[in-house]
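In what follows, chains are A, B, ... by sequence order, proteins preceding strands, each numbered from 1.
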There are 2 protein chains.
Amino acid sequence: MDDTNTAVRAAEHGHTACRASIETLARIGDKWTVLVVGALSLGPIRYNQVRRVVEGISQRMLTLTLKGLEQDGLVSRTVYPTIPPRVEYELTDLGRTLIVPLRAVHAWTVEHRPAILAAREKFAERERQAASRQTSFTTPK
Amino acid sequence: MDDTNTAVRAAEHGHTACRASIETLARIGDKWTVLVVGALSLGPIRYNQVRRVVEGISQRMLTLTLKGLEQDGLVSRTVYPTIPPRVEYELTDLGRTLIVPLRAVHAWTVEHRPAILAAREKFAERERQAASRQTSFTTPK
DNA sequence: CTGTATCCACTAAGATACTG
DNA sequence: CAGTATCTTAGTGGATACAG
């Protein structure tokens, strides 16, 4: 009917196209995937090396993350049947293309993180003020 | 000692710088935030309009997502004290800067999604083969 | 060394009902 | 219209122990 509704319709249009991307974004947006990709971005690397680089990751999560990436064709897994066994992980060509947009996001976070932290501070402050005003209303004396 | 270890050390160096970004990435990388930002990217929009555009979001998640974004200074919230009440949400300047890297990621997902889906297919196929080979071993006759 | 399997705690998220 | 409150369930992730 009006401008606003037109804008909303446009959003809905883009929205459908977005859904698919969201699913993909969820994959790479989780807690560990980006860190693991970062670890792999420098070349082939073994399981326990990843584990050391990505500090704090559990064996379970590392295995799950790597398997997920392998499943999506972003990482290749090569087993050398030696004793002890040796498994190397490496970004595929597809996986390497991911580095570019990842860097864009990374640059954004680095650039705007101070502003975000400042905003959080201000928000927390306003919340404290609102809370104290509440208190003085309910228990004035 | 060798090239690999050098690479690993380099990764560890970058790693520390990454941690902070990860935290921020977790914020914007969740299921709903990106969709909501997409809805807001076209201009000021009211609560229930967002709700309609971002299909499937619950009231709870919408409120939480908006509050999170407001907290981080990415979205501004304006209340018009009319009856019925009217609340408009809008991207701040900071929030608008987020659109750029978001588009980069979006472009990546659109471009490479077919490859990812194909990789998943192939992976599933290999898994089926491995499973059937297992079966023929354990129950040969 | 490179995983898998199990258990458990915690949180995230949906449904529902209610308030200003 | 724009939320808040509460309940319940599903998924995530960590610790541990064990296997190939």
Side-chain angles (χ1 to χ4, degrees), chain A residues 4-5 8 22-23 25-36 39-40 44-71 75-90 127 130-131 133-134 137-138, chain B residues 4-5 8 22-23 25-36 39-40 44-71 75-90 127 130-131 133-134 137-138:
Chain A
T4 307
N5 275 355
V8 169
I22 295 304
E23 186 196 319
L25 219 165
R27 228 306 138 50
I28 66 169
D30 78 282
K31 193 175 172 187
W32 298 114
T33 300
V34 181
L35 286 172
V36 170
L40 298 186
I45 185 174
R46 294 178 63 176
Y47 183 85
N48 274 332
Q49 281 182 312
V50 183
R51 222 179 137 191
R52 276 189 293 275
V53 173
V54 183
E55 237 171 305
I57 193 171
S58 66
Q59 236 175 1
R60 182 185 136 88
M61 280 304 105
L62 178 53
T63 302
L64 284 174
T65 303
L66 286 170
K67 194 170 289 179
L69 287 169
E70 191 196 352
Q71 203 167 47
V75 162
S76 66
R77 179 177 181 271
T78 313
V79 182
Y80 299 91
T82 58
I83 295 185
R86 175 181 165 191
V87 182
E88 277 192 353
Y89 293 89
E90 185 176 11
E127 283 223 318
R133 229 177 303 128
Q134 270 285 328
F137 277 150
T138 52
Chain B
T4 306
N5 275 357
V8 169
I22 295 305
E23 186 196 320
L25 219 165
R27 223 316 134 49
I28 65 169
D30 78 281
K31 193 177 173 188
W32 298 113
T33 300
V34 181
L35 287 172
V36 170
L40 297 187
I45 185 174
R46 297 177 62 173
Y47 183 86
N48 274 330
Q49 282 183 312
V50 183
R51 221 179 138 194
R52 277 188 293 275
V53 173
V54 184
E55 238 170 305
I57 193 170
S58 65
Q59 235 173 2
R60 182 184 137 86
M61 280 304 104
L62 178 53
T63 302
L64 283 173
T65 304
L66 286 170
K67 194 170 290 181
L69 287 168
E70 190 195 353
Q71 203 168 48
V75 162
S76 66
R77 178 177 181 273
T78 312
V79 181
Y80 298 90
T82 59
I83 294 185
R86 174 180 167 191
V87 182
E88 277 191 353
Y89 293 90
E90 185 176 11
E127 281 222 319
R133 230 177 301 126
Q134 270 285 329
F137 277 149
T138 52

Please work out which residues in residues 58-67 of chain B have a non-hydrogen atom less than 4.0 Å from an atom of DNA chain D and list them by number.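 B:Gln59, B:Thr63, B:Lys67, in order of number.
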Numerically ordered, the residues 75-84 of chain A set in heavy-atom contact under 4.0 Å with DNA chain D is none
Going by the rule side chain to side chain donor-acceptor pair (under 3.5 Å), which residues pair with A:Gln71 if we only count those two or more places apart in sequence or in a different chain? none
Shortest non-hydrogen contact from [X] toward [Y]:
{"X": "A:Glu88", "Y": "A:Pro44", "result": "OE1-CB, 3.6 Å"}
{"X": "B:Thr82", "Y": "B:Pro84", "result": "OG1-O, 2.9 Å"}
{"X": "A:Val87", "Y": "A:Arg77", "result": "CG1-CG, 3.8 Å"}

Roughly, in whole Å, what's the span from [atom1] in [X] to [atom2] in [N]?
{"X": "B:Arg86", "N": "C:dG20", "atom1": "CZ", "atom2": "C1'", "answer": "19 Å"}
{"X": "B:Tyr47", "N": "C:dG20", "atom1": "OH", "atom2": "P", "answer": "17 Å"}
{"X": "A:Glu70", "N": "C:dG3", "atom1": "CD", "atom2": "C1'", "answer": "13 Å"}

Nearest 0.5 Å, what's the CG-OG1 distance between B:Leu35 and B:Thr65? 9.5 Å
Output all residues satisfying side chain to side chain contact (heavy atoms under 4.5 Å, CB included) with A:Ser76, sequence neighbours left out; order by chain, then residue number. A:Glu90, A:Thr92
Who passes side chain to side chain contact (heavy atoms under 4.5 Å, CB included) against A:Ser58, sequence neighbours left out?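 Scan of A:Ser58 (side chain to side chain contact (heavy atoms under 4.5 Å, CB included), adjacent residues dropped) gives A:Arg60, A:Met61.
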Contact interval (first through last nucleotide) of DNA chain D with protein chain A, 4.0 Å heavy-atom: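 First and last nucleotides in contact are D:dG13 to D:dG20.
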Candidate list B:Val75, B:Leu62, B:Ile45, test side chain to side chain contact (heavy atoms under 4.5 Å, CB included), partner B:Val36, passing option: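 Only one of B:Val75, B:Leu62, B:Ile45 forms a side chain to side chain contact (heavy atoms under 4.5 Å, CB included) with B:Val36, namely B:Leu62.
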